[in-house]
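As structure tokens, the structure follows; a few thoughts come after it.
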Amino acid sequence: MKKQIATNPAYRRVVAALDDCEKRYDGLIKRTGATNDLRLASTVAILKGEVEQRRRLEVELLTAVESERQRIGQDLHDDLCQRLGAIALLSGSLAKEVSVLDEKLGEKVGEIPSLITETIGSCRNLARGLHPVTLASAGLPAALEELATRIPADVKFHWPHSERIDFEPMLALHLYRIAEEAVTNAVKHAGAKSITIGLAILAGRPVLEIADDGKGIGQKLKTEGMGLRNMEYRANVIGGDLTVEARKGGGTCVRCTLPLRKSVLRPLKPKTDSSAK
């Protein structure tokens, strides 16, 4: 998948623009040593523009990657899963025909449909990981709840059910990816058996927290791990503050705190009885 993304025209275009931006950025840094106040002020103004341009390009880069992931996920779900389903039906029919001639051979052939069905399930999980359809259709809480059910560990998701949490689509996507990365790291690298995903509003600020009971994050993962870098990168893009801390008694707590936002948390409207008049 990484190779496909790297060959994507939009991805290559953004990467090239980022490289060009980096070169201009380095040049501007060197120029700030000038003693002329006017020239320095001009350079700083240009530098601010370059920083804004870089942030915009970084957002475009993430968007290009997510678009490619969405395409691959849809291809897996809509094309490959359908083809595998058809093969399962054909192999089931073949098993019945073979059983008439050779019962033992028919039993062996009859095992093929169930194997294909398991493969379809794995394929659909991959597709959901690449493109979380629930995120767009039902929102971040529902997507995180689904994520919890897909992980091979005891994962629980908590959020204020009495409230409705609304996020902008891209903001919700980045928070989902941060949670996904944190949970994957907890299972894969920390050997966590129990994980809790929490989404809440504290002092008016949205907070996403992922806590686990694993062996903790090592120094190597802190300095070299791509997963942590990806989480920090996404948090930076949405203006969030990401912290990774050891928990008392063992384990790790990953927390992403967002700036104050309006209309993120709203009380749910009471359900009305449709039969009432």
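- Contact annotation: the side chain of Arg150 approaches that of Glu180 to within less than 4.5 Å [non-hydrogen atoms, C-beta and beyond].
- Side-chain atoms of Lys156 and Asp154, non-hydrogen and from C-beta on, do get closer than 4.5 Å to each other.
- When every heavy atom of Phe157 is checked against every heavy atom of Pro141, the shortest pair comes out as CE2-O, 3.2 Å.
- For the pair Asp213 (side chain) and Ala192 (backbone), a donor-acceptor distance under 3.5 Å is absent.
- Under the 4.5 Å side-chain heavy-atom criterion for grouping Ile, Leu, Val, Met, Phe, Trp and Tyr, Val244 is connected to Tyr176 within one hydrophobic cluster.
- Summarising the geometry, atom CG belonging to Leu126 is positioned 9.0 Å from atom SG belonging to Cys81; distances are rounded to the nearest 0.5 Å.
- One finds the CZ atom of Arg124 at 12.0 Å from the OG1 atom of Thr119 (value rounded to the nearest 0.5 Å).
- You'll find the side chain of Leu208 reaches within 4.5 Å of the side chain of Ile197, heavy atoms only.
- Across Leu242 and Cys256, no two heavy atoms sit closer than the pair CD1-CB, 3.9 Å.
- Of the possible polar contacts, one joining the Arg247 side chain to the Asp212 backbone as a donor-acceptor pair under 3.5 Å is found.
- Rounding to the nearest 0.5 Å places CD1 of Ile178 at 10.0 Å from CG of Asn230.
- Annotation: salt bridge (charged side-chain N to carboxylate O under 4.0 Å, His left out) contacts involving residues 233-244, sequence neighbours excluded, comprise Glu66-Arg234.
- The shortest distance between side-chain heavy atoms of Leu199 and Val207 does not fall below 4.5 Å.
- The SG atom of Cys123 sits 14.0 Å away from atom CD of Glu118, with the distance rounded to the nearest 0.5 Å.
- Val187 approaches Ile151 most closely through the heavy-atom pair CG2-CG2, 3.7 Å.
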Problem - Verdict with supporting geometry, Glu232 and Asn236, side-chain contact (heavy atoms from CB on, under 4.5 Å) - result: CA-CA 6 Å; Glu232 291 176 339; Asn236 181 62; over 6 Å; no
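- A donor-acceptor pair is defined here as one N or O able to donate and one able to accept, closer than 3.5 Å; such a pair exists between the side chain of Ser114 and the backbone of Glu111.
- Atoms CG and CD1, on Leu76 and Ile120 in that order, are 12.5 Å from each other to the nearest 0.5 Å.
- A salt bridge links Glu68 to Arg71: at least one charged side-chain nitrogen sits closer than 4.0 Å to a carboxylate oxygen.
- Leu140 and Trp159 fall within a single hydrophobic cluster, where Ile, Leu, Val, Met, Phe, Trp and Tyr are joined by side-chain heavy atoms under 4.5 Å apart, directly or via other members.
- A pairwise comparison of heavy atoms in Val109 and Ser91 identifies CG1-O, 4.1 Å as the closest pair.
- Between His174 and Pro169 the shortest side-chain heavy-atom distance does not fall below 4.5 Å.
- Taking CD1 of Ile195 as the reference point, atom CG of Leu147 lies at 9.0 Å (rounded to 0.5 Å).
- For Arg205 (side chain) and Leu258 (main-chain N/O), a donor-acceptor pair under 3.5 Å exists by modelled atom type.
- Closest approach of Ser99 and Gly106 over heavy atoms only: OG-CA, 3.4 Å.
- By the criterion of side-chain heavy atoms lying less than 4.5 angstrom apart, applied directly or through intervening Ile, Leu, Val, Met, Phe, Trp or Tyr residues, Leu89 is not grouped with Leu94; the two fall into different hydrophobic clusters.
- The minimum heavy-atom distance between Asn185 and Leu228, with the atom names listed, is ND2-N, 4.3 Å.
- Residues Leu80 and Asp75 fail the side-chain proximity criterion, which asks for heavy atoms closer than 4.5 Å.
- By the 4.0 Å N-to-carboxylate-O rule, Lys104 lies too far from Glu107 to be salt-bridged with it.
- Residues Leu115 and Val98 do not share a hydrophobic cluster, defined by chaining ILVMFWY side chains whose heavy atoms lie under 4.5 Å apart.
- Asp79 meets the salt bridge (charged side-chain N to carboxylate O under 4.0 Å, His left out) test with Arg83; sequence neighbours excluded.
- The shortest side-chain heavy-atom distance between Cys253 and Ile210 does not fall under the 4.5 Å cut-off.
- Between Glu245 and Arg255 there is a side-chain heavy-atom pair separated by less than 4.5 Å.
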